[in-house]
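Predicted model, so just to flag it, every value in this text is computed and none were measured.
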Amino acid sequence: MSLLCDLQINLSHEFTFFVNQDLISEYSGFLKKMIKQSNKKKKNHKNGRITIHIEDFPGGQDGFDLVSRFCYSNGGGISIDVSNVSLLYCSSLFLEMTEKLCSSNLLLQTEKFLEGMFYWSWNDIVSCLKSCEQVFLHADSYGLVDKLVFGVSAKIAQNSDMSQVFASSSTSSSASASSMSPETAKNRSDSDKRSTSRSFSCRTSNEWWFEDMSIFGPKIIGKLIKNLGAYDKNNDSLVLTRFLLHYLKTKLHSNSNNKLEYAGLADTAVQGVVLAAKTAFSCRKIFWVLRVLSGFSISKESRIGLERVIGEMLDQATLDDLLIPAGGKKEKGFYEVDLVIRLLKVFVKYCNTEEEQNLKMRRIGKLIDKYLREISPDQNLKVSKFLEVAESLPDSARDWFDGLFRAIDIYLESHPNLASEDRTKLCRCLNYKKLTLETCKQLAKNPKIPPNIAVQALKSQQLSNETLPHSREDKTKLNKIRNSRKYLEEKPILVRLKGFELSEKLVDGFEDDVRMNLERKHWNKVMDHSEKNSKEKKSEVVSRLVRHRHTHSSSNFPRLC
């Protein structure tokens, strides 16, 4: 037999092998056909050598190198193990290395090796499946990936409580990591001997496989979840949901991966979270889920489902939960304000009972006021977005509006160039009757607040003062509750000015900013002076207002909230 290298094989125009065509034809039916066709056409002959081009050979250079060793050693020369059996199996199928050409050909040997996979250790089957990723397209089309995934599923079922793995809305088993199966313990002891071994760092007996399976790409994980019958909307397993969340977290910061490949797994995880949210996940945990899965292009349906779950328990959230960084352009702001607005709409929609209105609404009102104070310094936060957040809750959500006023004050301080129209618009979310005395005084003295707003607040407080009781018996009851929260909510700003009554007609004439600023200074002086001088100030203020002779109507005042 001539051992001349009379056959040149080019792999994907990158690698070239020179082999003997008679020798290689004894083992490969594919190359035997190609050589016959080339001899008939006589087109690829050069210097008496046949040239054959092969595209997409399994494993490329490494795969063909192992095959050529097998052929040149007369069916030996290589050792089949879990790390190369996938490559050899796909290569032998591609080159048609069957029993028709010679006995104990490469395909038969790899098939016999794979038949014993159910007796392999966990580490061996994981290593073999991992090696499939370099020849995934061929291994998948030949059915090898499905066989190995089925083997992995069998191992998981063998060493786990499957009633817990497929328990839909119950919490996972609280068994400790020490309750691992004997085989798992054996695998751990062998981990230092195998480079492909991985330790079992698990929190429960049903999660021992999480870390090992996290090394795979999304295609193999997708096949595993499908094999376990929990892909997409079929996911009702809490353990598989926890695994997917763990898996996606490990892949979140991997820049080399295409995040769109994980979309199906992310949607499957969302389905599991939505089903088990109320019994297995806290509000903070679901916020964490939202942060993680938002980076994997989840579907609109999944996003709405997840936001509804969070919205229904939003009163359990903290300020840190709401401060989610914006993932888009910085021109839209530092935080996901639109997300908070959507969550608030869900919360208000599903908070129907009177008990929920009294308890949860007040709790969420305090939280949103803190949130607004936190995001107000953002230079990219528009007035419309601020108002949309503030007005997403009804008035009943706030015992008083002091916290909201502080948020407005911070916003005005952080946006000094805000137009007067926008400053007026920003204050429309305030309920002046629910401002405490001290806060209303601060509002009246604040130079950043438009004068007409100060007048509106003072007028609202004055009207509230007129509704207070005046009989001796009513005054006695009033003194008893003077320090109560309810009293502070209704206490008018001019309650200390005995005998001072502000005419509505005069107040309605305050539309000129210069004159209103001047008059506000007089009001502040009146509030700071003693009761003895209040009557004298009253006559002075009234006479000055008469001299001004304002005739404007009050139609241009901003609307009351």
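- Taking the six-membered ring for Trp and the full ring otherwise, F113 and W120 have centroids separated by under 6.0 Å.
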- Worked check of salt bridge (charged side-chain N to carboxylate O under 4.0 Å, His left out) between E26 and K32: CA-CA 8 Å; E26 292 181 8; K32 189 175 183 178; over 6 Å; no
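- Between E207 and H246, the side chains place no donor N or O within less than 3.5 Å of an acceptor N or O (distance only, hydrogens not considered).
- Going from atom CD of Q271 over to atom CG of D236 covers 8.5 Å, rounded to the nearest 0.5 Å.
- Side-chain N or O atoms of D267 include none that pairs as donor or acceptor with a backbone N or O of G264 at under 3.5 Å.
- Between Y142 and Y89, the ring planes lie perpendicular to each other; the angle is over 60°, past the 30° to 60° tilted range.
- Between W209 and F243, the two ring planes are tilted [angle within 30° to 60°].
- Using a 4.0 Å cut-off between charged side-chain N and carboxylate O, D232 and K226 make no salt bridge.
- Using modelled atom types, no side-chain atom of S38 and backbone atom of M34 make a donor-acceptor pair closer than 3.5 Å.
- Ring orientation note: the planes of Y411 and H415 are close to parallel, at an angle under 30° on the 30°/60° scale.
- Rounded to the nearest 0.5 Å, atoms CD (E111) and OG (S92) are 7.5 Å apart.
- The neighbour count for E301 CD, taken as heavy atoms of other residues, nucleotides or ligands under 6.0 Å away, does not exceed 12.
- Side chain of D6 to backbone of Q21: a donor-acceptor contact under 3.5 angstrom is found.
- In this structure a side-chain-to-backbone donor-acceptor pair under 3.5 Å is missing from D124 to S127.
- Within the 3.5 Å criterion, the main-chain N or O of Y231 finds no donor-acceptor partner in the side chain of T268.
- Under 3.5 Å, the side chains of D212 and W122 contain a donor-acceptor pair of N or O atoms.
- Without hydrogens or angle criteria, E99 side chain to N105 main chain gives a donor-acceptor distance under 3.5 Å.
- In this structure, F17 and F64 have tilted ring planes: the angle between them lies in the 30° to 60° band.
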- What's the verdict on salt bridge (charged side-chain N to carboxylate O under 4.0 Å, His left out) for K219 and D140, showing C-alpha distance, side-chain angles and the deciding distance? CA-CA 10 Å; K219 294 180 180 179; D140 188 32; over 6 Å; no
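- Put simply, the side chain of D81 reaches to within 4.5 Å of the side chain of N84, judged on heavy atoms.
- Looking only at distances, no side-chain donor or acceptor of S28 sits under 3.5 Å from a matching main-chain atom of I24.
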